[in-house]
Each structure stands twice: as structure tokens, then as C-alpha cells.
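Some notes on the structure that comes next.
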Amino acid sequence: MPDPKTLSADEKLRREFNEWAEQGRGEEMENHHISITEQTLAMMDLKQGERVLDLGCGAGWATRLVARMVAGGERPGQVIGLDVADEMVRRARANSKDCDNALFVVGSAQQIPWDENFFDKVLSVESFYYYADQERALAELFRVMAPRGELYILINLYRDNPYSLRWASELKVPVQARSEQEYVDLLQACAFEDVRAVRVPDLTPTPAEYSGKWFANADELRDFKRIGALLLIARKPDVESPPRGWEVE
Ligand SMILES: C[S@@+](CC[C@H](N)C(=O)[O-])C[C@H]1O[C@@H](n2cnc3c(N)ncnc32)[C@H](O)[C@@H]1O
């Protein structure tokens with residue numbers, strides 16, 4: 001049994017999220033993320049025939065929503081759900097037997113197993129803050145996105161929503177807690193264009209009484225939902241990325 005201290009960051013994430021998957025948490029996350037995801041999908045303006053990547057797809061519920069929106073078209077629309085946790089991917093496949101334009105792949109955001117210049121749009125829901133090397137993940141996204149492709153990264157955990165930092169210390173894997181401005185700067189430094197940050201409130205009703213452990217009372221929970229998730233939007237410039245392995249001599 002390898003010493004957990006020497007495991008790679010991705011292997012730690014794989015093990016952690018495989019446990020979540022075995023506990024049924026992959027499917028449960030739909031209830032927690034559906035409101036912010038639906039608002040994001042509306043902004044993505046998905047069209048028939050588009051090729052979409054769902055990065056950190058979990059049990060695949062959002063992948064299937066996207067698949068329905070891009071189905072059809074002269075060049076059939078398709079969506080790839082990618083996740084580092086193989087048990088999440090196994091469940092996503094089992095949950096998606098009726099969905100013939102979604103494909104689920106095991107792999108890391110830091111080494112995306114796909115061709116250059118392929119995806120018209122990328123969606124990533126509640127996954128990006130887990131990546132140990134976010135710059136490398138952005139470089140990989142840039143590589144696999146089509147020229148003028150659009151990136152939509154949605155995260156609930158970021159520095160400007162102080163409530164969200166409460167659960168960072170309870171997670172068994174490290175997380176990044178950058179601010180909105182730091183993320184905007186990072187996307188620009190990674191050569192993305194038209195970088196914007198939008199706040200997406202959680203519009204689900206809040207019960208009158210709160211009995212969970214993260215908030216002191218229902219008012220705090222309401223405030224957390226009002227501050228909302230951070231949606232980072234960016235575009236790849238109108239350039240083709242060279243194939244992987246291309247280097248300046
Ligand atoms: C909080 S869950 C969200 C899952 C799904 N997007 C949803 O909203 O239900 C985070 C997901 O990101 C995946 N993930 C974490 N690190 C990853 C990485 N480096 N590459 C790919 N996926 C990763 C996890 O395995 C997990 O399924």
C-alpha cells in the first residue's frame with residue numbers, strides 16, 4: 001500500500017472522489033448545483049452540432065443536459081465528460097445509457113486526453129478549485145479548445161465568498177482559494193481573451209430553519225446563496241494550437 005504522503009495530487013483526488021462516488025454523492029450533487037448550472041447553461045447559448053467538454057463531470061448529470069442541447073445538426077453535436085475519478089466515470093456511463101451523444105472518459109484536467117482545437121465550448125462545474133496546478137489545466141484547456149472556443153468555469157469555493165472557505169479545511173484534499181481578481185488575472189496570463197467574472201446566485205428556496213453544520217442559521221445560508229458562485233468566462237483567441245509535443249528548437 002503506497003504511503004498517502006507520496007501519492008500524486010491527481011491520485012489523491014481520484015481516491016477521494018471514488019469514495020464520494022461509492023457513497024452516491026455524485027448523483028446527489030445535482031440537487032446542490034442545478035440552480036447555478038442551469039443559469040450557466042443559459043449563458044452558454046449551446047447550439048445543435050457543438051462539441052462540448054464537461055470537465056470534472058462527476059456522475060454526469062450536467063453532461064446529459066448539455067448532450068440534449070447540442071444533439072442534432074449537420075455535424076452531430078457531442079459532449080465529452082472527463083473526470084479523474086474512475087468510479088465517477090463508471091457511474092456516469094451507467095446513468096447515461098440512453099444518451100448516445102455523450103462519452104465519458106477518465107483523465108486529469110492537467111493532461112486532457114484529447115486532440116488540439118476540438119471543443120467549441122467547455123463547462124466545468126465545482127471542480128476547478130481542486131486542481132493542484134490550475135495554470136497547467138488552463139494550458140491544456142487552451143490546447144483542446146477550438147479557435148474562438150468559449151470557456152465557462154463555475155465554482156462555489158473562492159476567496160470573495162467567505163462562507164465557502166469554511167469547508168476548505170474539512171475536505172480531505174487540498175483546494176485553491178483564489179479571489180475573483182486573481183482568477184481573472186490568471187486566465188489573461190494564460191492567453192485567454194474576453195475574460196469576465198459573473199456572480200451566479202443559488203435561486204433554490206431556503207428553508208426557514210437551518211440545522212446543518214456549515215451555517216449558524218438560515219440567514220447565513222441565504223447570504224451565502226445570494227453572494228453566489230463565481231462564473232469565469234473566457235475565449236480562446238482565433239489561433240490554432242500546435243499538436244502536443246511541438247517545441248521551439
Ligand atoms: C464536487 S465534484 C463536482 C462534479 C460535477 N461537476 C457536479 O457538479 O456534480 C468535483 C469533481 O471534479 C473531479 N476532479 C477533481 N480533480 C480533477 C482533476 N484534476 N481532473 C479531472 N477531474 C477532477 C472529481 O473527481 C469530481 O468528480
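Because the structure is a prediction, the values reported are computed rather than measured. As the structure lists them, so they are numbered: ligands from 1, and atoms in each ligand from 1.
- Residue Asn217 places its CG atom among more than 12 non-hydrogen atoms of other residues, nucleotides or ligands, all under 6.0 Å distant.
- For Gln78, the side chain to side chain donor-acceptor pair (under 3.5 Å) criterion is met by no residue, not counting sequence neighbours.
- Contact detail for Ala191 and Phe142: the closest heavy-atom pair is O-CE1, 3.6 Å.
- Identified under the salt bridge (Lys or Arg N to Asp or Glu O under 4.0 Å) test for residues 43-59, with sequence neighbours left out: Asp45-Lys47, Glu50-Lys121.
- With values rounded to the nearest 0.5 angstrom, Lys213 atom NZ is found 4.0 Å from Glu170 atom CD.
- The side chain to side chain donor-acceptor pair (under 3.5 Å) search around Glu193 returns none, not counting sequence neighbours.
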When you pair each N or O of ligand 1 with protein N or O atoms, which pairs come out under 3.5 Å?
unit_1, atom_1, unit_2, atom_2, d
ligand 1, 6 (N), Gly56, O, 2.7
ligand 1, 6 (N), Val125, O, 2.9
ligand 1, 8 (O), His33, ND1, 2.8
ligand 1, 9 (O), Trp61, NE1, 2.8
ligand 1, 12 (O), Ser127, OG, 2.8
ligand 1, 19 (N), Asp10, OD1, 3.3
ligand 1, 20 (N), Ala109, N, 2.9
ligand 1, 22 (N), Val84, N, 3.2
ligand 1, 25 (O), Asp83, OD1, 2.5
ligand 1, 27 (O), Asp83, OD1, 3.3
ligand 1, 27 (O), Asp83, OD2, 2.7

